[in-house]
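For reference, the structure is listed below as structure tokens.
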Amino acid sequence: MEKNVVLFDIDYITKDEKAVIRLFCKDKDGNQERSIIAIDESFEPYIYVIPNDFKRAEEDIRELGFEKIEKVVKKDFQVETEFLKLIFNHPQDVPKHRDTISHLASVREIREHDIPFYRRYLINNDIFPMSKLKLSGEFIDKYEGLEKSSALIFKLDSSPKSVGEDYSNFRILSFDLEVRNPKGMPDSKKDEIIMIGVSTNTGINKVLSTKDEDLDFVNVLETEKEMIKTFINIIKEENIDILVGYNSDNFDFPYLRDRAKIYNLNLDIGMDGSSIKFLRRGGYQNSASFKGLIHIDLYLVMRRYMSLERYTLERVYLELFGEEKIDVSGDKIWQYWDNGGNDLKRLFEYSLDDVVATLKIAEVTLPLSLELTKIVGQPFFDITRMATGQQAEWYLVRKAYEIDEVIPNKPNGAEFNSRKGDKNTGGYVKEPDRGLHENLVQFDFRSLYPSIIISKNISPDVLLKKDHFTGHYIKNIVSKKLDGKEPNPEDFYVAPEHFNMFAKEPVGFIPSVLGNVLNERIRIKKQSKETNDELERKSLDVQQQALKRLANTMYGIYGFSRFRWYSMECAESITAWGREFIQNTMKQAEQFGFYAIYADTDGFYAKFRQSPEYKDSENKD
DNA sequence: CAGAAACGGGG
DNA sequence: GTGTACGTTTCTG
């Protein structure tokens, strides 16, 4: 049978030493919104091997005990290249054996060994989280590891297919804890939770608490334990899709976990019946996550959404809505609680205001993250925790797969460190002339850097570059076409300053992707102008914003030391051309009597003067 | 001055 | 877990 669902989350488990993909979905078509966990047992992990010697490499790899090896042709920087595709039994075999394999004398390089299994699944099956999916298979009664789950279980008999239909009615709950901490920051061993604020886009606005001040939004409970239980029940009963908090990765969820543990309470709200898990994502960031129930920490989202000096909930709220929200200083909360009366009333109001504000912020900002999820094609949870450069990279990984390009490796420690030492000059800046200036004209380039990337075809696969050590051209479509002959300068765009050369033909991978992103954005903007439906216009507007963000990320990314397509030549050529363009434009403007009084990167302000002599006399002041 | 440690948000 | 991995400011030796 076939079933249309919305995909929320994805992971894999191990069964009989094989990986099994689990898709956490919801049936959003019926009235019941049942959770469905789809099982796919057919997806296999693999890497690509570039041998020095095909026969030897195949023998060596077989000797290590791997049998599933096939010769395949893929493109590498647009050059058709033969690889050995090595299929493993289990995703963990990749990190376990990749060093042994890459160090074989018969092997030059391995590729695509650093792409997590669940990401690979999304990319190879061309499916997108938070959008509709068509499942084909059968419902089954039980499955290993899902004994505690109340979701329906669906076993796939073929790959899931993307359904080109939009979905955006997600059930969102925001929450916030207040704690009685008389000394310093809250200590979860001692300081009890005194309030849990809850607000949903399904109409709930309440504060759970053990005290009462005769306010209709306060839900009084006997104990802290009952409060936590009630909170968990609201999430279950309201069938919440997305949980949002503010700094909840670092405060609310760790705190809730600790307090729940004291009372032996299970936070079993995962779709598979599992509890909260804290994912270590880098040095400082722990993320609170549930299977199939998306937790978004808005603090992280806001840091990328807008540029502010601080990101407190109050500051972000003021910026977005132009109004102050109720604020109670953290170190006074316990006094308000102990005092009771009007102080306690104010604390209840603060608690409610916090979650109402958090939900409001979520409703304004999450559409953009959702749109990025649907474009980049990685889980919503991941997207909200990724740097913009990572978002762009996973988008490019997907695009590379679509055109049969093998993906460049992530840099290893040594490469990363050497890249970190590389420096690039930024945009041209003319310090402003002092004084109050009137009647200025403003000039800007429209998306200067993306335009340069496209018009000068700036991309590592079409860059003519000699290897530092061997003196040979690095392998890409350009050196392949040269075939040992000297390059003809006419066939290249030559960058100012460093004279990096980019072939005019063919179109480079990144200029091509970027061009498509910008064209798609123009198409959507046009569509938005044509529609009379206000809701559709809003949705189209968010789509074009997401594409704009993606396009704007792609210029700086060449100089980002963790980037798979890192290229200092590309990064420095973009800014060099940028400086040349703006300075040339300023010179041209001078010929018409407009003198720049200030310039920065992609634009300047200019003043009209009768003649250069007039300008000189003015400058003496 | 370089390298290590702390900070951000949260109460 | 096909392991992750911030950028900036302040402190310390």
Side-chain angles (χ1 to χ4, degrees), chain A residues 11-14 19 43-48 86-99 101-102 110-121 123-124 175-188 190-195 197 245-256 259 277-288 297-304 308-316 327-337 347 350-351 354 358 382 385-390 397 407 409-413 416-417 420 560-562:
Chain A
D11 75 352
Y12 80 86
I13 52 159
T14 303
F43 194 61
E44 293 180 308
Y46 63 87
I47 64 168
Y48 293 114
L86 172 51
I87 296 167
F88 290 95
N89 277 322
H90 194 277
Q92 256 107 315
D93 291 343
V94 176
K96 210 155 133 194
H97 301 292
R98 66 180 161 201
D99 285 347
I101 293 166
S102 69
I110 56 167
R111 298 284 277 276
E112 304 201 2
H113 57 84
D114 50 12
I115 297 171
F117 194 58
Y118 69 95
R119 297 198 195 276
R120 177 99 267 176
Y121 186 87
I123 293 165
N124 290 26
F175 82 106
D176 179 46
L177 307 182
E178 309 303 335
V179 171
R180 187 183 176 282
N181 55 310
K183 265 185 268 162
M185 281 304 287
D187 176 352
S188 61
K190 297 186 292 218
D191 304 333
E192 80 266 27
I193 297 168
I194 53 177
M195 297 178 188
Y246 204 82
N247 202 27
S248 38
D249 271 346
N250 276 306
F251 179 73
D252 299 81
F253 271 128
Y255 210 90
L256 194 66
R259 297 303 294 179
K277 287 195 177 53
F278 286 85
L279 310 181
R280 207 180 290 271
R281 301 173 75 85
Y284 85 117
Q285 198 184 295
N286 273 4
S287 304
D297 184 345
L298 276 181
Y299 166 63
L300 301 167
V301 176
M302 298 322 294
R303 292 189 65 141
R304 277 160 204 141
L308 299 172
E309 59 297 332
R310 284 167 63 74
Y311 293 89
T312 60
L313 183 58
E314 284 72 25
R315 182 66 188 88
V316 164
D327 195 14
V328 173
S329 154
D331 49 16
K332 296 212 174 70
I333 287 177
W334 69 277
Q335 291 171 324
Y336 279 70
W337 174 255
L347 190 60
Y350 162 71
S351 176
D354 257 14
T358 305
D382 296 19
R385 288 165 175 82
M386 270 181 201
T388 53
Q390 290 298 323
V397 168
I407 288 131
N409 293 333
K410 273 192 287 192
N412 62 30
F416 178 74
N417 285 329
K420 270 213 299 204
F560 172 45
S561 28
R562 242 176 274 285

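Note on naming: letters A, B, ... go to the chains in the order of the sequence lines (proteins, then strands), and numbering restarts at 1 for each one.
For Arg315(A) and dG10(B), the CZ to P distance is 13 Å, given to the nearest whole Å. In this entry the distance linking CG of Asp382(A) with P of dA5(C) reads 11 Å, nearest Å. The distance between atom NE2 of His97(A) and atom P of dG3(C), rounded to the nearest whole Å, is 14 Å. For the pair Phe416(A) CZ and dA5(C) P, the computed distance is 10 Å after rounding to whole Å.
Close to dC7(B), at under 4.0 Å from its OP1 or OP2, lies no side-chain N or O of Arg303(A). OP1 or OP2 of dG11(B) lies within a sub-4.0 Å distance of a side-chain N or O belonging to Tyr350(A). Within the structure, a side-chain polar atom (N or O) of Lys410(A) is placed less than 4.0 Å from OP1 or OP2 of dT4(C).
With dG3(C), dG11(B), dG9(B) as the candidates, the nucleotide lying closest to the side chain of Thr312(A) is dG9(B). Relative to the side chain of Arg280(A), the nucleotides dT4(C), dG10(B), dG1(C) differ in distance, and dT4(C) lies closest. The side chain of Arg310(A) sits closest to dG9(B) out of dG11(B), dG10(B), dG9(B). If you check dG1(C), dG9(B), dG10(B) against the side chain of Tyr299(A), the one that comes closest is dG9(B). Listed nucleotides: dG1(C), dG11(B), dG9(B). Nearest to the side chain of Tyr246(A): dG9(B). The side chain of Arg98(A) lies closest to dG3(C) when the candidates are dG1(C), dG11(B), dG3(C). Of all nucleotides listed (dG1(C), dG3(C), dG7(C)), dG7(C) comes nearest to the side chain of Phe560(A). Of the candidates dG11(B), dG9(B), dG3(C), dG3(C) carries the atom nearest the His113(A) side chain, counting heavy atoms from C-beta on.
In terms of modelled atom types and a separation under 3.5 Å, the side chain of Arg304(A) and the main chain of Met386(A) share a donor-acceptor contact. Listed for the Asp297(A) side chain is a donor-acceptor partner under 3.5 Å among the backbone atoms of Asn247(A).
For Arg315(A) and Tyr311(A), the side-chain atoms include no donor-acceptor pair closer than 3.5 Å.
Close placement of the Phe175(A) and Phe253(A) rings is indicated, their centers lying within 6.0 Å of each other.
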